[in-house]
Amino acid sequence: MNYQAKAVITRETNAPVVVETISVEGPRHGEVTIKLGACGVCHSDLSAVNGTLPFPPPVVLGHEGAGTVVEVGGGVTEFAVGDTVLSSFVTMCGICRYCTTGRPNLCDLTAKAMLTLPDGSVRTKDAQGKPLSIFSGCGVMAEYATLHTGNVVKVDARGVKMECCALVSCGVMTGWGAAVNTARVQPGSVCIVFGAGGVGLNTIQGCAMSGAAMVVAVDMNDAKLEIAKTFGATHTFNPTGSDDVVKALKKLTGGGADYAFECIGFGSIIAQAYSCLRKGGTAVMVGVAKMPDTTTVRTNTLVFEEKVLTGSVFGGARPRHDFPRLLGLYKAGRLKLDELITRRYTIDEAPQAFDDLASGRNARGVIVFG
Ligand SMILES: [Zn+2]
Ligand SMILES: [Zn+2]
């Protein structure tokens with residue numbers, strides 16, 4: 001059937017998002033339709049609005065969603081009506097070399113589903129009947145969404161609020177996974193995390209959970225640094241006014257970090273993170289930079305200091321394994337989710353939610369559907 005749904009759309013680059021009622025076609029073969037319970041407002045959504053991600057509008061935003069399956073298409077056996085599911089902004093085809101070697105976050109199909117379902121079509125139309133692109137195969141900042149099963153993960157969410165479930169599907173996975181899956185932070189190590197926003201806080205909590213002895217949160221916003229302490233930062237550093245950030249952080253860490261994470265999106269900052277490493281250390285780029293951005297390292301430090309510079313997309317997620325794992329940690333009281341949510345919004349308040357994100361007022365804002 002067709003579903004009428006309010007949806008958050010970017011109609012024009014660098015203009016405020018709009019809320020429109022759209023039509024969402026029910027599932028075709030290999031697809032499911034989801035009634036959304038909650039959707040996080042993620043920095044990547046903002047990047048699609050402000051042009052950092054060059055997505056031609058109009059685009060239905062949202063990729064950090066949780067909801068309930070209301071209809072399944074032909075050939076779908078792994079999902080049933082009533083299942084609680086999370087969206088995955090990476091598509092998992094299950095058969096490419098990355099999916100079959102345990103790295104579905106690099107699935108070849110994802111690149112083909114940046115603005116559509118993996119087959120290149122969409123189920124979304126505006127009131128004039130014109131097709132609407134969907135963010136990263138998802139477009140879940142809407143009351144209903146039809147997704148390919150390769151972008152959907154079933155979870156046991158009993159006792160977990162929908163807004164907490166939603167956060168797991170992007171921000172928490174990306175940050176926590178960068179520390180746990182990508183860097184594999186070792187007990188007793190020294191970590192520096194640049195950026196204490198929604199993703200950075202989760203990198204901090206991933207480092208702390210991995211047994212890091214020292215976790216330094218770096219941010220220009222003192223309020224965020226205070227929150228970082230509750231997520232496991234042992235030290236904080238505000239670089240505002242510092243004429244040599246690297247020197248200051250090397251001094252604070254007693255010679256440098258074993259792991260340094262960039263959770264903002266600048267080549268200049270990952271270069272600082274890399275410079276803060278001690279010998280044998282690993283720097284991980286987590287933030288998404290503008291397309292032309294580059295970075296520079298001193299070549300011989302790769303050789304003589306055996307430093308590693310790498311990246312982490314989606315926290316090295318294996319969503320079907322990691323989403324349930326994260327919810328399990330939350331249920332056991334070991335992973336913080338509620339504390340990430342600064343503010344809840346109705347879908348009609350979405351423009352305010354994007355304003356608040358752009359101005360840095362939120363750790364995480366979440367749209368909760370009625
Ligand atoms: Zn995201
Ligand atoms: Zn694949």
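Keep in mind that this is a model prediction, so the values were computed, not measured. We count ligands from 1, going down the list as the structure has it; atoms in each ligand are counted the same way.
Residue-and-atom listing of protein N/O/S atoms under 2.8 Å from the Zn ion (ligand 1), sorted by chain and number: C42 SG, H63 NE2, C170 SG. Within a radius of less than 2.8 Å around the Zn ion (ligand 2), the protein N, O or S atoms are C93 SG, C96 SG, C99 SG, C107 SG.
Paired with Y3 under the rule side chain to side chain donor-acceptor pair (under 3.5 Å), one option of R123, E25, E71 passes, and it is E71.
A cation-pi arrangement is absent between K35 and F369, since the terminal nitrogen or guanidinium carbon is not both under 6.0 Å from the aromatic centre and inside a 45° cone about the axis.
A donor-acceptor contact closer than 3.5 angstrom links the side chains of N151 and T91. Between the side chains of T33 and T146, at least one donor N or O sits under 3.5 Å from an acceptor N or O.
Counting side-chain heavy-atom gaps under 4.5 Å among Ile, Leu, Val, Met, Phe, Trp and Tyr, M220 is found in no cluster with other residues. Counting Ile, Leu, Val, Met, Phe, Trp and Tyr side chains that sit under 4.5 Å apart, directly or through other members, I264 shares a hydrophobic cluster with V190, I192, F194, M214, V216, V218, F237, V245, L249, L252, F266, I269.
The aromatic rings of H63 and F135 lie parallel to each other, with less than 30° between the two planes, well short of the 60° mark.
Other residues, nucleotides and ligands place no more than 12 heavy atoms under 6.0 Å from the CZ atom of R103.
Across L53 and S44, no two heavy atoms sit closer than the pair CD1-O, 3.6 Å.
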